[in-house]
Amino acid sequence: MSINSPLDNLPDMVVFARVVDAGSFSGAARQLGLTPSAVSRQVARLEGVLRVRLLERTTRKLRLTEAGSAAFTRCQALVAAAREVMALSDSQSATPRGLVRVSMPKAFGRQVVHPLMPAFLARYPEVDVQLIITDRTVDLFEESIDLAIRITDVPPPGLAGRPLTSIRHLVCASSQYLAAHGTPAHPRDLVQHSCLYLGEDERDRHWRFQRGAEEATVRVSGRYVANHSEVRLDGARQHLGIASLPEFTAREALAKADLVTVLDDWEHKTDYAGTAWLLYPPNRFLAVKLRVWIDFLVAALGP
């Protein structure tokens, strides 16, 4: 093997990484503007140089071998490094410009981030923003997403991050509903009420509370279940029951006295409470378009 062969094989390594990401030779070929046979030849050439099989090929799908899995991790790192090199000019530019792709949970994106967008776009006229509104945990590297907002108390390893704001969940109802059905004095009283809950998982029916060292878990029920916080908010406003809501969802209704909180001396514990973190791949040469987005959100949502 000549001393220059690793550099000579860089294009084949990139093609191999793209094949794994796409899940097929044809998918990678479409992304790269090549024919499937050309992509297959480049992967075969890389296997020949390495003298190992990287992929098990079947009529239905591709499967990484053990050596292929190790090679893919390293080839993926090469692609990420190449992207950092290409971002150097952006990071040194004085004017923020280009597309910023940001993933975030549905309710937080709709009710917290979306209202801030007019001010950001007006301040940075050459920056475009794509919000990817999903409760699914995205892979920033595989899906070419620049940043993600996740609600967690433990940010995942391998990513840089900035805390944005604390997310509390409240238990709320209208005064009319409470006048008709009574106000719960203890979490166990909720079993006597119609509750508006998320309903995506059985765990969503088990509302957890803590007061000092005391803990309580109640299995709630109700006639109206919705996996959208704004729908649960409206249901509570329409006197349909007691709702579990993020504080940012309920804030306006509470200020207008459309809703009131109950069980105020208890902390409502949910999987959707914690700290909203803005996460991104660690990179010393962070593009200026990303830096201004990070600084803007921290200033808008931070303490």
Side-chain angles (χ1 to χ4, degrees), residues 104-116 131 133-137 149-153 163-211 215-277 297 300-301 303:
M104 62 197 66
K106 292 176 183 175
F108 192 86
R110 169 66 185 87
Q111 297 161 31
V112 178
V113 176
H114 170 66
L116 301 174
L131 300 188
I133 308 293
T134 177
D135 290 329
R136 176 178 61 86
T137 299
I149 295 174
R150 294 181 191 165
I151 299 172
T152 177
D153 285 324
L164 293 176
T165 185
S166 295
I167 306 297
R168 295 174 59 227
H169 269 244
L170 306 175
V171 181
C172 308
S174 68
S175 297
Q176 291 93 321
Y177 173 87
L178 297 175
H181 301 278
T183 299
H186 189 279
R188 62 175 170 262
D189 297 337
L190 292 170
V191 299
Q192 307 299 326
H193 287 270
S194 181
C195 294
L196 305 167
Y197 59 92
L198 185 70
E200 290 189 337
D201 187 283
E202 173 61 26
R203 293 175 301 173
D204 296 329
R205 300 187 66 172
H206 295 263
W207 288 7
R208 294 177 286 121
F209 297 86
Q210 184 171 358
R211 181 174 62 183
E215 296 184 352
T217 300
V218 182
R219 186 178 187 273
V220 301
S221 61
R223 298 183 58 206
Y224 192 33
V225 182
N227 66 347
H228 197 293
S229 60
E230 288 184 321
V231 173
R232 297 196 303 278
L233 169 69
D234 191 60
R237 276 175 156 159
Q238 299 297 324
H239 326 307
L240 298 183
I242 298 176
S244 171
L245 296 169
E247 182 180 25
F248 57 77
T249 300
R251 187 176 296 133
E252 182 181 352
L254 293 172
K256 293 180 176 179
D258 293 341
L259 298 180
V260 296
T261 56
V262 299
L263 300 172
D264 290 339
D265 53 339
W266 291 83
E267 181 184 1
H268 183 24
K269 313 279 284 186
T270 84
D271 293 338
Y272 311 100
T275 300
W277 283 82
L297 280 190
L301 302 178

Any side-chain heavy-atom pair of I167 and Y272 under 4.5 Å = no
| request: Determine, step by step, whether L263 and L190 satisfy the side-chain contact (heavy atoms from CB on, under 4.5 Å) criterion, reporting the C-alpha distance in whole Å, the side-chain angles of both residues, the deciding distance to 0.1 Å, and the verdict. | output: CA-CA 10 Å; L263 300 172; L190 292 170; 4.0 Å; yes
With the side chain counted from C-beta on, respond yes when L259 and L254 share a heavy-atom pair under 4.5 Å apart, and no when they do not.
-> yes
query: Do L240 and Y177 have side-chain heavy atoms sitting under 4.5 Å apart?
result: no
Is there side-chain contact between P184 and L178, with heavy atoms separated by less than 4.5 Å?
-> yes
On a heavy-atom basis, the closest approach of L245 and S229 is CD2-O, 3.5 Å
Hits for side chain to side chain contact (heavy atoms under 4.5 Å, CB included) against Q192, two or more places apart or cross-chain, chain-then-number order -> none
Separation between CD (Q238) and CG (L196), nearest 0.5 Å, reads 11.0 Å
State whether the number of non-hydrogen atoms from other residues, nucleotides or ligands found under 6.0 Å of R188 atom CZ is greater than 12. no
By side chain to side chain contact (heavy atoms under 4.5 Å, CB included), E230 pairs with (sequence neighbours left out) R110, Q111, H228
Distance col, row H181:NE2 vs Q176:CD, nearest 0.5 angstrom, shows 11.0 Å
When rounded to the nearest 0.5 Å, the distance separating CG of D265 from NE2 of H186 is 9.0 Å
Report task. Evaluate the side-chain proximity of V171 to F209: yes if any heavy-atom separation is below 4.5 Å, no if none is. Result -> yes
Scanning both residues in full, the closest heavy-atom pair of V260 with S175 reads CG1-OG, 3.8 Å
Sorted by chain and number, sequence neighbours left out, side-chain hydrogen bond (donor to acceptor under 3.5 Å, both in side chains) with H206 holds for E202
Is it true that D258 and K256 have a side-chain N and a carboxylate O under 4.0 angstrom from each other? no
- Ignoring hydrogens and geometry, is there a side-chain-to-backbone donor-acceptor pair from H268 to R208 under 3.5 Å? yes
pair L297-I149: side-chain heavy atoms closer than 4.5 Å
yes
CZ of R223 to OG of S194, rounded to nearest 0.5 Å, is 7.0 Å
What one should report as the nearest heavy-atom pair of P187 and V218 is O-CG2, 3.1 Å
Sequence neighbours excluded, the answer for salt bridge (charged side-chain N to carboxylate O under 4.0 Å, His left out) partners of R150 is none
In this structure, CG of L170 is separated from CD1 of I242 (nearest 0.5 Å) by 13.0 Å
Taking the side chain as everything from C-beta on, heavy atoms only, tell me whether R205 gets closer than 4.5 Å to S221.
yes
Just so I know, are the side chains of L301 and F108 near enough to count as touching, which here means a heavy-atom distance under 4.5 Å? yes
Note: W266 and A216 closest approach over all heavy atoms is CZ3-CB, 4.1 Å
The side chain to side chain contact (heavy atoms under 4.5 Å, CB included) partners of A226 (sequence neighbours excluded) come to V231, R232
Closest non-hydrogen atoms of A250 and C172, given as atom of the first, atom of the second and distance, are CB-SG, 4.1 Å
With sequence neighbours left out, the residues meeting side-chain hydrogen bond (donor to acceptor under 3.5 Å, both in side chains) with D189 are none
Here the pair of heavy atoms bringing A243 nearest to W207 is C-CH2, 4.1 Å
